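The structure presented is a predicted model; accordingly, all values stated were derived computationally and were not measured. Quick note on labels: first sequence line is chain A, next is B, and so on, each numbered from 1.
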2 protein chains.
Amino acid sequence: MCAHPTSASARTRPTIYDVASRAGVSKSLVSLVLRDEPHVSDARRQAVLEAIEELGYRPSRAASALASQQTRSVGVLIDDFRNPWFVELLAGLRSVLDPAGYTVSVADLQLEAASGRNPVDGFLAQHVDTLVLAAEPRAELLRNIPVPVVVAGVRELGPAVLPRADVVAGDDERGGELATRHLLDLGHRRIGHVTGRGGPAAHRRKGYERAMTAAGLRPLVVGAGKGTSEQDGRSGALELLDRVPPVTAIVAANDVMAVGALAALRERGLKAPADVAVVGYDNSPLAAYGYLALTSVDPHSREIGAEAARTLLARLENPDAPRRYALIEPALATRPSTGPSRNGQIHEP
Amino acid sequence: MCAHPTSASARTRPTIYDVASRAGVSKSLVSLVLRDEPHVSDARRQAVLEAIEELGYRPSRAASALASQQTRSVGVLIDDFRNPWFVELLAGLRSVLDPAGYTVSVADLQLEAASGRNPVDGFLAQHVDTLVLAAEPRAELLRNIPVPVVVAGVRELGPAVLPRADVVAGDDERGGELATRHLLDLGHRRIGHVTGRGGPAAHRRKGYERAMTAAGLRPLVVGAGKGTSEQDGRSGALELLDRVPPVTAIVAANDVMAVGALAALRERGLKAPADVAVVGYDNSPLAAYGYLALTSVDPHSREIGAEAARTLLARLENPDAPRRYALIEPALATRPSTGPSRNGQIHEP
DNA sequence: TTGAAAGCGCTAACAT
DNA sequence: ATGTTAGCGCTTTCAA
């Protein structure tokens, strides 16, 4: 005797067996209905659905994972919960993953690293079906990952470290250009840039440099190799403000750094936008606070998330499809931090 | 023939069978070693550990969950990813849950609600062993939850809606008092409070009122029944500033609202702390930004998280233990937003 | 279109 | 201290 159908017992949650016997069908049929398979008669399907409803049946993820060898879960690695740009990314991911029946779990690289854990390993131990990388872990953490990877927002990782990964990223170079052009259009000429470590920052810097060069101006970049925190933004901005002559506008590599730049301005007795204009990047909730009111490049993170999710689903469907590499077009969200300056619209060097 | 030991095949991940045969023991012995059971000889244990290492074996969570009927995972429900107070709470939770071998998954109530999902249900579908509530979902979502619940930071939920839940919360009443006393000590007399919906806000308000009354002053509260966003903070603060005579200090129900208050000040041409002092609550990353530099009540969220996790583990250990109700003592983090005011230290009504 | 039966990889009760 | 064995609740051939 191998099989021992569970009887509909009193205490325990109903199982597929209970549903089956209540609907007067076999367990297999219930399984088919659950997964929306086409070849089931309407009558049976109806009966099963009713039984499910009446019993309040909920399939066991563990059992289904064990039997099917897939968890229907995806791990999302973000950089730092304190930098709120990830919120929209997550919303976008879930908007398509949820309807598809996938669970998403999130980890914060900073937090994991701080406690000496390996977040990628953690996800693999959970047996996620796939990994979304919205951060840049050290390359050694990414050695032979046995599941598909989608890089979201950090295209640097794509070709180099993870040759097989799909990439859906914001066009950060374009974004850096947008920010700088906006300042140029406002009449600024001495525009400085505070950059930092990492792929996104590098692309944003490149965009800034391209726009400056195109306008016949010399790029002025600080913070290369440093971090991307508020403090880094502040010290970079101070450096720019202390140049002679000082800058009249600052492009920061992200919103948090832009907030740091605002602090630097105040320390020097200056105001944005009257004395110095400031532009951030990410269009995070931070930028929208009335007190900060930062003009910021909007990478359309929600769309990046949704597209990354679609890519991931497609990849799961077809593991051998050619690698996807999508760049989402950013836009500029204009706010008072680049409003009219003290000297009218025109800044001369 | 019922049993079919998996042979160590080429493609598939190693299983407990592979480890067992490699170590020359039975599967059960491996299982015992994995779970650190005491009664295993050192020799065997060593052999098993080596086999695990050599094979790169990773236990299957699905299988173990199915067999043991527990997932070793906990669901954490926070209110809103955009309000960064949760970061430390999470860090605290993980600091004790990780070593205990528990996985934590996080959901954002706002996000879930926005997409019409039921986050509690989502967690239950994942079969989390227990739920941590760091938010206040509508009561109907909390009807007969079949797993232990720990309320972290939102003690309002405790006795009322979830009579059986353990509670580990910040002493928000004490915190509101701390904030207000600080202002009183600075010489302020016309101190207004911007509150909002929800348990934490209610307790903080009560603390504010207590401190005011104790000082022989009339409490001045706005925003009751409204939200707790930056915009709510701003409009509440505007209301306080437009009183005649206007307030000289504002206690906000959280940091995000305090940032809103700063915006309100600027709209009225006022500055903090010179014209009006501002205190936030949560001591979130926001408060520490140089440009905001908010004095803020620190609820010790990390400690709350760690204590909540310990409580949870204890509850899992002993389901019938008496209900735990712990209040963590807050502290005040002093920053420039309550620095010396324009008129010296003394504010007369 | 539906059912029977054999596992998925592990745990736990029981034997030894 | 270690091995045997029967499931956990589902998926998935394979037959019918």
Side-chain angles (χ1 to χ4, degrees), chain A residues 1-9 11-48 52 55 57-72 101 125-127 129, chain B residues 1-9 11-48 52 55 57-72 101 125-127 129:
Chain A
M1 275 166 282
C2 272
H4 297 275
T6 317
S7 57
S9 63
R11 292 264 153 272
T12 189
R13 290 181 26 234
T15 76
I16 200 170
Y17 286 94
D18 302 316
V19 175
S21 70
R22 173 141 193 152
V25 302
S26 76
K27 308 92 210 142
S28 330
L29 216 258
V30 176
S31 182
L32 292 183
V33 171
L34 281 176
R35 280 173 298 123
D36 256 356
E37 296 282 338
H39 300 298
V40 179
S41 70
D42 269 359
R44 305 280 203 183
R45 180 185 300 272
Q46 215 42 52
V48 169
I52 288 178
L55 261 34
Y57 167 76
R58 290 261 207 65
S60 151
R61 283 184 145 269
S64 119
L66 181 55
S68 70
Q69 300 291 55
Q70 41 167 31
T71 53
R72 290 188 91 73
Q126 279 178 62
H127 295 281
D129 289 344
Chain B
M1 277 166 281
C2 273
H4 297 276
T6 315
S7 56
S9 63
R11 292 265 153 271
T12 190
R13 291 180 24 234
T15 76
I16 199 172
Y17 286 94
D18 302 317
V19 175
S21 71
R22 173 141 195 155
V25 302
S26 76
K27 309 94 211 138
S28 332
L29 219 254
V30 176
S31 183
L32 292 183
V33 171
L34 282 176
R35 280 173 296 125
D36 255 355
E37 295 284 338
H39 299 298
V40 179
S41 71
D42 269 359
R44 304 282 201 176
R45 181 185 300 272
Q46 217 39 56
V48 169
I52 287 177
L55 260 35
Y57 167 77
R58 290 261 207 63
S60 152
R61 291 184 83 88
S64 125
L66 182 56
S68 71
Q69 300 291 52
Q70 40 166 33
T71 54
R72 291 188 91 74
Q126 279 178 62
H127 296 279
D129 289 344

Any donor-acceptor N/O pair, B/Arg61 side chain to A/Ala125 backbone, under 3.5 Å: no
Short side-chain N/O contact to C/dT2 OP1/OP2 from A/Arg44, under 4.0 Å: yes
Atom-to-atom span, CD of A/Gln70 to P of C/dG9 - whole angstrom: 14 Å
Phosphate-side-chain proximity, B/Ser41 and D/dT2, N/O vs OP1/OP2 below 4.0 Å: yes
Side-chain N or O of A/Arg58 closer than 4.0 Å to phosphate OP1/OP2 of D/dG9: no
Residue-phosphate contact under 4.0 Å: A/Ser64 side-chain N/O, D/dG9 OP1/OP2: no
Closest approach of A/Arg72 to A/Asp129 (non-hydrogen atoms, all atoms of both residues): N-OD2, 2.7 Å
hbond_proxy A/Ser28 side chain to D/dT11 base (donor-acceptor, 3.5 Å cutoff): no
Residue mapping more 5' on DNA chain D - nearest nucleotide basis, B/Ser68 or B/Asp42: B/Asp42
Pairwise distance CD1(A/Ile16) to OG(A/Ser64) - rounded to 0.5 angstrom: 9.5 Å
N/O (side chain, A/Gln69) to phosphate O (OP1/OP2, C/dG9) under 4.0 Å: yes
Separation of atom NE2 in B/His127 from atom C1' in D/dC10, rounded to whole Å: 11 Å
Proximal nucleotide (of C/dC10, D/dT12, D/dC10) relative to the A/Arg35 side chain: D/dT12
Heavy-atom pair of closest approach, residues A/Leu66 and B/Ala62: N-CB, 3.8 Å
Minimum-distance nucleotide (side-chain atoms of B/Ile16 versus D/dC10, D/dT4, C/dT11): C/dT11
Any B/Ser26 side-chain nitrogen or oxygen under 4.0 Å from OP1 or OP2 of D/dG3: yes
For the student: nearest non-hydrogen atoms of B/Tyr57 and B/Thr15, plus distance: CE1-C, 3.5 Å
Closest nucleotide among C/dT2, C/dG9, D/dA1 to the A/Leu32 side chain: C/dT2
Touch class at under 4.0 angstrom, heavy-atom based, for A/Ser31 against every strand present: base
Nucleotide nearest A/Thr15 when distance is taken to its side chain, options C/dT2, C/dG9, D/dC10: D/dC10
N/O donor-acceptor pair, side chain A/Tyr17 with base D/dC8, under 3.5 angstrom: no
Touch class at under 4.0 angstrom, heavy-atom based, for B/Val25 against every strand present: sugar-phosphate
Atom pair distance, as rounded to whole Å: NZ in A/Lys27 and P in C/dG3: 8 Å
Any A/Tyr57 side-chain nitrogen or oxygen under 4.0 Å from OP1 or OP2 of D/dC10: yes
